[in-house]
Structures are given as structure tokens and as C-alpha cells.
Amino acid sequence: MADVKKIAVIAGDGIGPEVVAEAIKVMKKTEDVFGYRFEFEHGLFGGIAIDEKGTPLPEDTLAICKKADAVLLGAVGGPKWDNNPKELRPETGLLGIRKALGLFSNIRPANVFDCLKEASTLKPEVLEGTDLIVVRELTGGIYFGEKFRREGANGEEAVDTCVYNVTEVERIVRQAFEIARTRRKKLASVDKANVLETSRLWRETVNRIAPDYPDVELEHVLVDNCAMQLLRRPSSFDVIVTENMFGDILSDEAAMLTGSIGMLSSASLGEGAFGLYEPVHGSAPDIAGQGIANPIATILSVALMYRLTFGYHDAAEAIERAVKEVLDAGHRTGDIAVDKSKAIGTTAMGELIVNAIRK
């Protein structure tokens with residue numbers, strides 16, 4: 001009998017609980033089909049945790065995550081909490097959980113399903129062959145640097161400090177090289193070395209490490225050029241590695257190549273196999289509770305969990321195959337439907353995918 005894997009389930013806010021529910025159904029189906037075993041423990045996080053416990057990241061939720069083998073996260077945030085002080089904002093909880101769990105790397109695949117090319121705003125011929133991964137450094141840079149305000153000659157000034165050290169750069173870049181080795185062996189390192197000192201350190205570190213991976217073709221790309229080339233020649237990218245803020249922006253741009261941010265999975269990883277898995281999309285409070293959210297990104301995040309944390313490649317492939325089969329059959333949620341009148345809901349999409357999972 002397979003080992004029981006402990007999964008910390010953090011449904012979060014908005015559509016989070018709806019999409020997570022479908023992902024758990026998928027996990028339970030893989031228990032039946034492949035014999036894997038999971039134990040689920042739920043915790044509050046984000047806006048709902050602020051409302052019920054007075055903090056976005058309660059200690060008991062963090063304890064659940066620390067004793068788990070992996071974390072499945074829905075989505076956090078919403079306009080309800082936008083005007084809260086910093087310590088009572090859902091996003092502060094996200095930064096906190098990444099730091100507390102040592103999750104320094106965010107992996108975001110973006111591949112275009114042939115049957116969804118028409119859903120993208122780019123021409124189908126531009127999208128042809130697009131299959132890339134953005135590897136984003138997650139715990140350094142301007143998001144974690146010192147922040148303060150001061151009086152200047154022209155009034156109040158705000159300062160956000162961007163800091164990177166060699167160790168932070170090296171560990172994320174090595175991880176990206178290793179991922180590139182398992183794919184098409186191409187790595188684009190994105191920086192702004194013509195302007196920023198942190199980027200110059202980044203590029204120097206990448207160049208020092210590169211000889212350890214002679215089988216991987218390395219390309220340095222300035223971030224503004226990368227943003228342009230993602231729209232001009234997205235299929236030329238294989239693995240993109242970059243710092244925190246650049247990765248935040250570029251991975252969302254890459255997500256939209258696929259036609260909908262509701263299709264994109266992600267993994268946040270540390271040094272070992274442990275990871276936090278979540279869809280790229282937000283909490284979408286405007287459609288929460290309506291049962292129309294796309295659960296595919298969360299379901300594909302489970303496939304990513306199976307691959308990267310558990311090594312359950314057979315089940316991961318079965319999930320991805322089931323998603324493709326359902327989409328190829330013409331089933332669509334509203335975000336990816338050309339004819340909105342024929343769109344199906346969250347539960348219906350989840351059930352179709354569950355029923356399509358087989359060895």
C-alpha cells in the first residue's frame with residue numbers, strides 16, 4: 001500500500017474554495033485509479049483568516065503546512081481587505097508563508113493547448129509550439145527589501161530597497177538549469193544589467209555557474225526585451241529564470257499567452273521535495289459563489305505536485321491527459337468559451353475531468 005501523503009489544504013478567499021474542491025475530487029480519483037493515498041487537513045489563510053482570526057497567516061495554519069508533505073492553496077485576497085494596514089492584508093500572509101516555509105522558487109508553466117489557440121489575443125501562428133516555464137526567485141529582491149518613507153527636498157519620499165546576495169541568485173539559477181536539462185536545454189536569464197547593480201550581480205553569478213551546465217544553451221535577455229519577445233516569439237523560450245518582481249510581471253504575461261489565466265498552474269519550492277501548489281489566477285471575488293470559475297489551473301497544479309514533490313508521474317500524466325481530452329471534446333468554462341451561452345460551470349468541468357482520468 002502506498003505511503004499516506006499529508007496535504008495541507010488552504011482554500012482561501014473568493015473562488016478559492018470552489019476550485020480547490022474540484023482539485024481534491026481529482027486527487028481522490030487518482031487514489032482509486034493508482035492506489036496513492038492522501039490525508040487532507042484544512043487551514044484558514046488570507047482574508048477569511050483576517051476576518052475570523054485577526055491575522056492573514058494564523059499559527060495553526062502554518063503548523064498544518066509545516067507537518068504536511070505538500071500544500072494546496074486556492075486563492076487569497078479581494079477588495080474587502082485592500083485598505084487594511086499592511087499587517088492585515090492577505091498579500092502579507094503570502095509573503096509570510098513563503099518565508100516561513102523556505103519557498104524561494106516559483107515555477108510557472110505556460111503551454112498552449114491547440115484547441116484553445118483561438119482564446120488567446122495573439123495570432124495562432126505566433127503561438128504555435130509555445131511551451132515554456134518561468135522560474136521566479138520568490139523570497140528576495142524589492143518585495144522583501146527595506147521599505148520606508150522620509151521627508152525630502154520636494155516633500156515626502158518613499159523608498160523600496162532591492163537587495164540580492166550571491167547565494168540567493170545561485171540557488172534559483174541552478175534550479176532553473178536543472179529544469180532546463182529535463183526539457184529543451186535552453187535557459188533565458190532575464191535581468192536589467194544595463195541599469196541595476198542587483199542585475200549585474202545576477203548576470204555575473206549566472207555566467208560563473210553556466211560552465212557547470214555545458215549541455216544547456218544560455219541566453220541573457222533584458223527584461224523589457226523579454227516582455228516584447230514573449231509577444232513576438234513566445235515559442236523560442238524554454239525556461240526563463242529571473243528575479244522576484246520581474247518574474248511576477250513576466251509570468252502573468254506568459255499566462256495570458258494561453259488564452260486565460262484560469263489555465264495556469266504554479267509551484268513554490270524550497271530546497272527539498274516539499275512544495276506549495278496554487279493556480280496563478282487570483283480570488284476573482286466578482287464571480288465567487290456563482291459556480292462558474294475555471295478549476296483547470298488548480299487541477300493542473302495537482303499534476304505539478306505529483307511530478308515535483310511525489311514523483312507520481314503516471315498520475316500527473318493521467319490528469320494532464322484528462323484535461324486535454326475534455327478540452328478537445330469542446331467543453332469550456334466561461335473564461336475560455338468563444339460561445340459564452342454554451343459554457344459549463346466549475347463542478348461540471350471538474351466532474352468531466354475526474355471521469356476522464358484512467359491509467
Side-chain angles (χ1 to χ4, degrees), residues 5-10 23 27 38 45 57 61-62 64-76 93-111 132-141 143-144 164-165 167-183 187-190 202 205-206 209 213 216 238-248 250-252 254-255 264-280 297-313 315-316 319-320:
K5 301 297 186 184
K6 292 184 178 180
I7 310 298
V9 180
I10 304 174
M27 294 182 76
F38 302 101
F45 182 69
L57 178 55
T61 298
L62 190 56
I64 290 169
C65 294
K66 284 183 174 179
K67 68 181 183 183
D69 296 300
V71 179
L72 178 63
L73 171 63
V76 297
L94 272 177
L95 296 178
I97 201 168
R98 290 168 185 166
K99 199 85 168 178
L101 299 176
L103 305 173
F104 64 82
S105 168
N106 184 239
I107 313 291
R108 289 190 177 186
N111 64 311
L132 61 89
I133 289 181
V134 179
V135 180
R136 167 191 169 194
E137 202 289 322
L138 206 54
T139 56
Y143 291 173
F144 285 88
Y164 268 107
N165 61 53
T167 301
E168 289 172 322
V169 178
E170 181 162 343
R171 68 183 180 181
I172 190 74
V173 170
R174 286 194 181 279
Q175 189 178 76
F177 269 114
E178 293 291 345
I179 291 170
R181 273 184 162 169
T182 68
R183 292 170 51 87
L187 180 65
S189 175
V190 176
W202 181 284
T205 306
V206 173
I209 293 168
Y213 302 88
V216 177
D238 180 20
V239 178
I240 294 171
V241 64
T242 191
E243 60 105 83
N244 205 341
M245 184 169 69
F246 296 163
D248 191 7
L250 292 175
S251 58
D252 277 3
L264 273 289
S265 59
S266 80
S268 297
L269 307 175
E271 294 285 2
F274 177 87
L276 182 151
Y277 297 85
E278 61 181 313
V280 169
T298 315
I299 289 169
L300 289 176
S301 294
V302 169
L304 208 53
M305 178 195 295
Y306 286 4
R307 281 188 196 286
L308 299 178
T309 291
F310 301 134
Y312 296 166
H313 298 285
I319 292 169
E320 291 161 352

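Hydrogens, waters and symmetry mates are skipped; everything else that's a heavy atom, side chains included, is used.
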Rounded distance [0.5 Å steps], [atom1] in [X] versus [atom2] in [Y]:
X	Y	atom1	atom2	answer
C65	K6	SG	NZ	13.0 Å
L250	E243	CG	CD	9.5 Å
L300	N111	CG	CG	8.0 Å
T242	D248	OG1	CG	10.5 Å
L269	I179	CG	CD1	7.5 Å
I133	S251	CD1	OG	12.5 Å

Taking the side chain as every heavy atom from C-beta outward, state whether [X] and [Y] have any atom pair closer than 4.5 Å.
X	Y	value
V173	T205	no
R174	I209	yes
W202	I172	yes
L94	F45	yes
L62	L101	yes
V241	V206	no
R171	E271	yes

What pair of heavy atoms forms the shortest contact from [X] to [Y], and how long is it?
X	Y	answer
A315	Y306	CB-CD2, 3.5 Å
S301	S266	OG-N, 3.5 Å
G96	L57	C-CD2, 3.8 Å
V239	A180	CG2-CA, 3.8 Å
A297	P279	CB-CB, 3.6 Å
F310	A70	CZ-CB, 4.0 Å

Mark yes or no for whether [X], through its side chain, and [Y], through its backbone, hold a donor-acceptor pair below 3.5 Å.
X	Y	answer
N106	V135	no
E137	T139	yes
R136	N244	yes

**OP:** Apply side chain to side chain contact (heavy atoms under 4.5 Å, CB included) to the pair V9 and I64, showing each step before the final yes or no.
**Re:** CA-CA 9 Å; V9 180; I64 290 169; over 6 Å; no
**OP:** Please step through side chain to side chain contact (heavy atoms under 4.5 Å, CB included) for the pair S265 and M305, ending with a clear verdict.
**Re:** CA-CA 10 Å; S265 59; M305 178 195 295; over 6 Å; no
**OP:** Can you sort out the partners of T61 under side chain to side chain donor-acceptor pair (under 3.5 Å), two or more places apart, ordered by chain and number?
**Re:**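 Counting only residues at least two positions away or on another chain, T61 forms no side chain to side chain donor-acceptor pair (under 3.5 Å).
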Subject >> side chain to side chain donor-acceptor pair (under 3.5 Å) partners of T309, counting only residues at least two apart >> reply: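 Applying side chain to side chain donor-acceptor pair (under 3.5 Å) to T309 gives Y277.
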**OP:** Determine the sole option in L73, I10, L103 for which the side-chain contact (heavy atoms from CB on, under 4.5 Å) test with I97 is passed.
**Re:**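 Of the listed options, the one satisfying the test is I10.
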**OP:** Report the C-alpha distance between I107 and Q175 in whole Å, list the side-chain angles of each, state the deciding distance to 0.1 Å, and finish with yes or no for side chain to side chain contact (heavy atoms under 4.5 Å, CB included).
**Re:** CA-CA 10 Å; I107 313 291; Q175 189 178 76; 3.8 Å; yes
Subject >> Residue list, salt bridge (Lys or Arg N to Asp or Glu O under 4.0 Å) with D238, at least two apart or on another chain >> reply: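 For D238, the residues satisfying salt bridge (Lys or Arg N to Asp or Glu O under 4.0 Å) (neighbours in sequence not counted) are R183, R184.
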Original post:
Hey, mind stepping through Y143 and L138 against side chain to side chain contact (heavy atoms under 4.5 Å, CB included) and telling me if it holds?
Top reply: CA-CA 9 Å; Y143 291 173; L138 206 54; over 6 Å; no
Original post:
Do F104 and F144 have ring centroids that are under 6.0 Å from one another?
Top reply: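 Between F104 and F144, which both carry aromatic rings, the centre distance is not below 6.0 Å.
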Original post:
Do the rings of F177 and Y213 sit parallel, tilted or perpendicular, given the 30° and 60° boundaries?
Top reply: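 Rings of F177 and Y213: parallel, under 30°.
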